[in-house]
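All remarks here apply to the structure that follows.
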Amino acid sequence: MNERVAVAVLAKAPVAGFAKTRLIPVLGADGAALLQARLIERAVATVCAAAIGPVTLWATPDESHPAFQALHAHLGIALARQGDGDLGARMLAGVAAAKGPCLVIGTDCPALTSDHLRTAADVLRDGADAVVVPADDGGYVLIGMRRAQPALFSDMLWSTPHVMDETRRRLRQLGLSWQEPFTLWDVDVPADLERLREIGLDSLIPS
C-alpha cells in the first residue's frame, strides 16, 4: 500500500477586495472574488480526486467563510486557520502539522491535475527529500517534503521572480535531494485569464 502523503491547501477567503486583487481592474472586486471561489473549489476537488492522503484547507483570515464550510461538509476535508507570519511561515506550519510527508499548494494553479499531485507524491515515496513544481514566473506552485525544512521558508522574498532559484540554492546548501517533475503557471494577472481560455477552463472566469 502506498505511503500516505498529506496535502495542505492554502487559500484566501473569496471576499471582494481581499482575493485576486490584481484581477480587480478586469473582473471587478466581486468578479475577482467569484474567480477565487471557483479556484478554491477546483483545487480542493483536484486534491481529493488524487487520493494520496489527508487534505487540510488552511484558510485566511479564518475558516468561517461559507465557501470553506461547504467544502468541509461536502468533501470531508479538514479546515485550519492560517497563522501569523509571512507566506513561508504559513506554508511551514502546514508541513509541520502533517507530521510526515506533505505537499503544499495554493489555489492559483488550475492547470495542476490529480496526476501531477500523484507524481509529486511518488517522488517523496521513492525517497527524495523534496519535490518542487516551478511556476514559469520564477516562483513555484507546489512544494513537498518528507519532513519540515524551516530553512526553505524563512527570510524569503516571496512574490518575486527569484523564489525558485533561491529555493534551489537552499536545497543544495542543505544537502537535500529533490526533483522538479514539471513546470506550471499561476493565475495572477489579466493575461493569465487568456491562458485559462486556451486550456478550456474559461468556465472559471466570471462573465
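Along the sequence shown, residues are numbered consecutively beginning with 1.
A donor-acceptor contact shorter than 3.5 Å is absent between the side chain of D122 and the backbone of R125. With hydrogens and angles ignored, the 3.5 Å screen pairs a side-chain donor or acceptor of S114 with a backbone N or O of T46. Of the possible donor and acceptor atoms, none in the side chain of D186 sits under 3.5 Å from a partner among the backbone N and O of D188. A donor-acceptor contact shorter than 3.5 Å links the side chain of H72 to the backbone of I77. Here the side chain of R42 pairs a donor or acceptor atom with the backbone of P110 at under 3.5 angstrom. With R81 contributing its side chain and E63 its backbone, the two residues share no donor-acceptor pair below 3.5 Å.
For A120 against V131, the heavy-atom pair with the smallest separation is O-CG1, 3.7 Å.
Note on E41 versus R38: no salt bridge recorded, every NZ/NE/NH1/NH2 to OD/OE distance being 4.0 Å or above.
For H116, the side chain to side chain donor-acceptor pair (under 3.5 Å) partners are T113, not counting sequence neighbours. Every residue meeting the salt bridge (charged side-chain N to carboxylate O under 4.0 Å, His left out) condition with R146, not counting sequence neighbours, appears here in chain and number order: E3. With sequence neighbours left out, R195 forms a salt bridge (charged side-chain N to carboxylate O under 4.0 Å, His left out) with D136, D192.
Residue pairs that meet the salt bridge (Lys or Arg N to Asp or Glu O under 4.0 Å) test with at least one member in residues 90-107, sequence neighbours left out, do not exist here. For residues 11-36, the pairs satisfying side chain to side chain donor-acceptor pair (under 3.5 Å) are K20-D108, with sequence neighbours left out.
Listed by chain and number, the hydrophobic cluster partners of V95 are L10, W58, L87, M91, L92, V104, V132, Y140, I143, M145, L152, F153, M156, W158, V163, M164, L171, L174, L176, W178, where partners are ILVMFWY side chains within reach of under 4.5 Å, directly or through others.
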